[in-house]
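Okay, so here's the structure we're looking at.
The model shown is predicted, which means the values in this text are computed figures rather than measured ones. Both ligands and their constituent atoms are indexed starting at 1 by order of listing. Scope of the values below: all heavy atoms of this structure, side chains included, with no hydrogens, waters or symmetry mates.
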Amino acid sequence: MSSTCTTCPYCGVGCGVIAQSDGTVSGDESHPANFGRLCSKGSALGETIDLEGRLLHPQINGQAASWEESLDLVAQKFGQAIAEHGPDSVAFYVSGQILTEDYYVANKLMKGYIGSANIDTNSRLCMASSVAGHKRAFGSDTVPGTYEDLEEADVLVLVGSNLAWCHPVLYQRVVAAKAARPEMRVINVDPRRTATSDLADLHLAIRPDGDAALFNGLLTEIATRDAVNHAYVDAHVTGFEASLAAAQSCDPSESGLSAEELRAFYDLWIGSEKVVTVYSQGVNQSACGTDKVNAILNCHLATGRIGRAGMGPFSVTGQPNAMGGREVGGLANMLACHLDLENAAHRDAVQAAWNSPTMAEKPGLKAVDLFQACADGKIKALWIMSTNPAVSLPDANGVAEAIRNVPFTVSSDMMVETDTNACCDVLLPAAGWGEKSGTVTNSERRISRQRPFLPVPAEACADWSMMCDVAKRMGFNGFDYPSEAAIFREYAALSQVAADFGRDFDITGLSDLSDADYDALKPVQWPVPKGKASGGRFFAEGGFYHADGKAKMLPIALPVQNANETYPLRLNTGRIRDQWHTMTRSGKAARLSQHLAEPFVEIHPEDAVAYGIRDAELVEVTSPTGTSILRALLTHRVQPGALFAPMHWTNSFSAPGRANAAVPSETDPVSGQPALKGGAVQIARFDAKWFGFAVSVNTMRPARPYWAVAKAANGWRAEVAGCKIPQNWEAEARAILGLTGGDATLFEDPASGSARVAITENGVLTGLFFAAPTPVAVSRQYVTGLLGTEQSPLQALAGRAGADRPDPGATVCSCFEVGVNTLKLAIEDGATSVAALGDRTCAGTNCGSCKPELQALIDASLQKVAAE
Ligand SMILES: Nc1nc2c(c(=O)[nH]1)N[C@H]1C(S)=C(S)[C@@H](COP(=O)(O)OP(=O)(O)OC[C@H]3O[C@@H](n4cnc5c(=O)[nH]c(N)nc54)[C@H](O)[C@@H]3O)O[C@H]1N2
Ligand SMILES: Nc1nc2c(c(=O)[nH]1)N[C@H]1C(S)=C(S)[C@@H](COP(=O)(O)OP(=O)(O)OC[C@H]3O[C@@H](n4cnc5c(=O)[nH]c(N)nc54)[C@H](O)[C@@H]3O)O[C@H]1N2
Ligand code: SF4
Ligand SMILES: [Mo]
């Protein structure tokens with residue numbers, strides 16, 4: 001079997017993967033992002049590459065169509081809209097999950113040929129505030145540092161980042177560095193306690209959006225303690241005095257932290273030269289996100305702690321090619337190679353290099369405004385590519401309506417069934433990871449190849465290739481690429497234009513790659529100038545990209561916190577360890593679906609008491625845009641007044657549990673990034689009359705008032721709830737299980753209002769259903785494990801293991817499917833370190849993503865022992 005070096009398609013860490021044609025994957029030891037490590041999602045990639053659910057042929061209005069017909073139709077409808085309503089009546093909405101070559105073609109087609117800048121990307125939801133903050137401070141969107149800086153730092157600050165779950169391999173590198181140098185300090189700034197906080201020496205549970213107050217306080221203290229690097233500031237920075245004055249006029253207690261916490265933070269940050277401040281969506285996805293970014297950058301500029309080993313601000317990117325998208329100018333306000341759309345000289349130079357008929361002159365619509373324009377009838381043709389906005393944008397129901405309101409819509413995706421596809425006229429089947437070929441850029445500016453190791457199935461096709469086919473049909477020259485290598489060469493050559501303007505993005509050293517060189521390209525960090533050394537850090541000696549060559553510090557005012565009496569709570573949202581975004585791929589892997597199998601909302605116990613909500617009941621979370629129904633998880637990890645819900649669930653997995661139905665679309669005024677972490681909401685207990693849990697060998701999609709399904713090893717599992725007690729439990733069970741045949745065994749207890757149904761076919765268990773007036777208390781893991789086995793229905797209906805078969809409990813380690821009960825037993829039995837637990841149970845010994853949870857279990861058990 002042949003093996004192929006490629007790159008993981010999930011997060012922006014950009015790990016190297018070695019894939020076999022049978023789908024077996026392992027970490028690439030030679031890749032400088034991961035040196036052989038993979039996390040739980042990376043390790044389970046092989047389970048997501050089957051063809052189940054794939055979109056394999058083009059469709060027009062739900063009917064199979066040929067590529068010829070489909071491409072003709074797309075070209076004709078886009079051409080017609082442009083002819084009748086002008087270039088700004090059409091739009092592309094693309095994604096940080098397409099490859100650089102795809103992105104380059106999309107941007108060239110829209111800006112240089114159609115002549116509109118109405119191309120925006122899901123990076124608007126993700127990186128836009130960082131991009132805007134970088135541009136304001138540095139004059140360009142440059143990430144100054146490298147991953148090694150995180151390891152070499154003496155103080156590592158993680159702001160609004162759940163690195164343990166969202167950048168797990170980078171997190172593991174930090175864990176290893178801290179183990180090697182125990183004096184290293186980690187600070188986590190997050191209103192919520194997360195798996196990442198568990199590693200931190202200091203967890204600062206700031207008030208939501210308290211970041212600017214914290215970093216303004218830090219800037220003031222830097223000046224008070226005489227820690228300003230005057231030589232650096234005098235030579236390379238403007239705006240120091242005004243920024244300091246603005247900071248000094250703020251009250252740092254607005255951060256919500258105590259004087260002691262602030263002092264501890266200042267002592268560590270100021271006390272070590274080697275400080276890295278990593279930040280992510282807790283900073284970016286806010287109505288004041290760009291200001292928060294600049295408040296952080298200000299402190300690094302004032303101390304000159306930037307661009308040197310072990311120090312600097314570090315915005316980690318989310319998607320595998322979020323960075324590549326920024327480089328090709330995928331955002332509506334940018335031009336290729338970090339050039340500026342609003343700069344006439346830049347526009348002319350790019351147009352000349354492209355030899356294109358036109359060039360967009362003004363920025364296009366940013367994501368939220370773009371979908372508003374769809375709702376307003378201003379967009380006549382829309383092409384959505386590799387993203388699922390009907391789930392991932394705020395006001396998701398409104399966005400679905402807006403897409404339906406556009407006269408002609410196209411979606412190119414790998415999967416048939418997505419919430420967005422359901423709103424679109426034409427579906428174009430995309431080649432996916434393992435099939436497609438091109439490059440991606442990770443968080444530390446490292447360009448790596450994604451290489452194919454699987455045949456492209458049926459009629460699927462690379463994104464760049466379908467766009468070129470449409471461009472040609474629209475009569476445009478300049479899209480005759482023989483291969484993705486040819487696109488890459490053109491792009492690398494275009495970066496000469498950027499180099500000539502003295503800009504940061506220079507990859508001219510890659511412009512002469514032969515097809516064979518491109519195929520063999522090793523991971524390389526930009527800049528890659530022709531004939532000079534590549535990679536490294538930026539700004540140690542200044543060299544910023546504003547006209548005066550200096551960086552700008554910006555005066556930052558604090559956000560105004562308005563109390564909202566109708567919607568008094570704040571809905572924070574984000575990610576869980578084992579799911580990726582809208583679950584179209586990670587949702588296929590049974591072992592990834594067992595970690596957290598259902599959407600939930602974290603609620604502080606005080607709020608739960610105030611609203612009369614008990615643990616594991618259901619909660620309606622409502623904003624003016626809509627409602628989502630979520631399982632209540634009572635925890636001190638969130639602050640009173642704050643809720644946290646994961647973003648992942650969709651109409652395929654839990655229609656009522658889609659978080660973004662209830663996330664309003666407020667945006668940052670500078671970056672246009674939505675405030676996905678701070679929607680104002682109200683909550684109420686959802687008045688369910690019965691709760692159910694079901695497992696079936698069939699796919700379930702039980703359209704009950706509440707439902708959520710997850711893939712299991714031998715079928716599916718479902719949580720349901722209803723508002724009316726069914727007349728006939730067996731009929732209800734069969735409807736939910738999707739099982740008409742087989743023998744049913746029914747237990748009903750009218751006194752308690754509970755019922756249990758088992759279905760067997762030829763002695764094999766095909767379905768189990770449990771219902772009760774309160775949340776069903778059966779062992780999910782145990783019951784799910786019974787599916788497809790030969791079982792006595794009576795034994796199965798007990799819902800928990802007999803004494804002879806221990807119940808492993810909820811899965812903690814996805815790789816080896818080790819449950820919480822197994823782990824607790826091992827801890828009681830003396831395995832009181834993560835390594836010992838690994839020796840005993842294998843947990844944590846493959847990808848290591850569960851290590852924070854293993855440590856938390858050990859800590860909890862030791863605390864319990866100490867309290868006894
Ligand atoms: N498992 C998994 N990993 C992923 C992804 C995934 O879907 N699943 N997606 C990838 C993508 S695209 C992205 S962008 C990254 C995102 O990676 P992260 O940004 O690390 O993840 P999030 O969970 O979105 O949010 C991070 C934290 O911000 C905190 N936060 C909320 N409000 C505030 C605030 O006002 N201030 C501060 N300081 N913190 C706040 C939240 O409580 C949350 O813990 O993850 C990437 N990695
Ligand atoms: N409430 C809330 N909402 C959020 C966030 C949050 O923190 N909270 N985070 C936001 C952020 S940071 C992000 S990045 C977005 C992500 O949100 P989305 O981009 O909407 O989510 P994905 O599920 O990654 O969508 C990718 C789609 O592309 C398809 N696909 C995969 N590979 C290919 C390919 O090669 N070609 C094509 N054409 N299609 C492909 C997949 O099947 C899937 O349908 O969500 C945002 N939404
Ligand atoms: S950390 Fe995990 S999800 Fe991210 S690139 Fe590496 S293996 Fe993939
Ligand atoms: Mo993202």
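Counting heavy atoms under 4.0 Å from ligand 2, residue Met414 touches it through both backbone and side chain. Contacts with ligand 2 closer than 4.0 Å are made by heavy atoms of both the backbone and the side chain of Leu125. Contacts of Cys166 with ligand 1, taken as heavy-atom pairs under 4.0 Å, involve both backbone and side chain. Contacts of Asn660 with ligand 2, taken as heavy-atom pairs under 4.0 Å, involve the side chain alone. Residue contacts with ligand 2, taken as heavy atom pairs separated by less than 4.0 Å, do not involve Pro394 at all. Residue contacts with ligand 2 for Cys126 involve both N, CA, C or O and side-chain atoms from C-beta outward (heavy atoms, distance under 4.0 Å).
Within the 4.0 Å heavy-atom shell around ligand 2 one finds Ala431. The closest approach between a heavy atom of Met647 and any atom of ligand 1 is not below 4.0 Å. Heavy-atom distances between Ser95 and ligand 2 stay at or above 4.0 Å for every pair. No heavy atom of Trp433 sits closer than 4.0 Å to any atom of ligand 2. Within the 4.0 Å heavy-atom shell around ligand 2 one does not find Met127. In this structure, Val391 has no heavy atom closer than 4.0 Å to ligand 2.
Taking the six-membered ring where the residue is Trp, the centroids of His581 and His648 are separated by 6.0 Å or more.
Around atom 44 (O) of ligand 1, the closest heavy atom drawn from Asn162, Asp190, Val189, Leu163 belongs to Asp190. Taking only non-hydrogen atoms, the option from Leu55, Asp413, Asp463, Val416 nearest to atom 42 (O) of ligand 2 is Asp413. Looking at His581, His167, Gln285, it is His581 that brings a heavy atom closest to atom 12 (S) of ligand 1.
Short contacts between ligand 1 and Thr194, defined as distances under 4.0 Å to a heavy atom of the residue, involve ligand atoms 44 (O). Atom numbering of ligand 1 starts at 1 in the shown order; those under 4.0 Å from a heavy atom of Arg192 are 42 (O), 43 (C), 44 (O). Under a 4.0 Å criterion applied to the non-hydrogen atoms of Asp209, ligand 1 contributes the atoms 34 (C), 35 (O). Within ligand 1, counting atoms from 1 as listed, the ones closer than 4.0 Å to a heavy atom of Arg577 are 1 (N). Residue contact check: Ala430 has heavy atoms under 4.0 Å from atoms 36 (N), 37 (C), 38 (N) of ligand 2.
Looking at Glu602 and Thr635, their side chains never bring a donor and an acceptor atom within 3.5 Å of each other.
Taking the six-membered ring for Trp and thresholds of 30 and 60 degrees, Phe371 and Tyr93 have ring planes more than 60 degrees apart, a perpendicular arrangement.
Here the heavy atom of the protein found nearest to atom 14 (S) of ligand 1 is Gln281 NE2, 2.8 Å.
Thr439 meets the side chain to side chain donor-acceptor pair (under 3.5 Å) test with Glu101; sequence neighbours excluded.
Of the residues listed (Asn188, Thr196, Asp190), the one engaging Asn162 in a side-chain hydrogen bond (donor to acceptor under 3.5 Å, both in side chains) is Thr196, and it is the only one.
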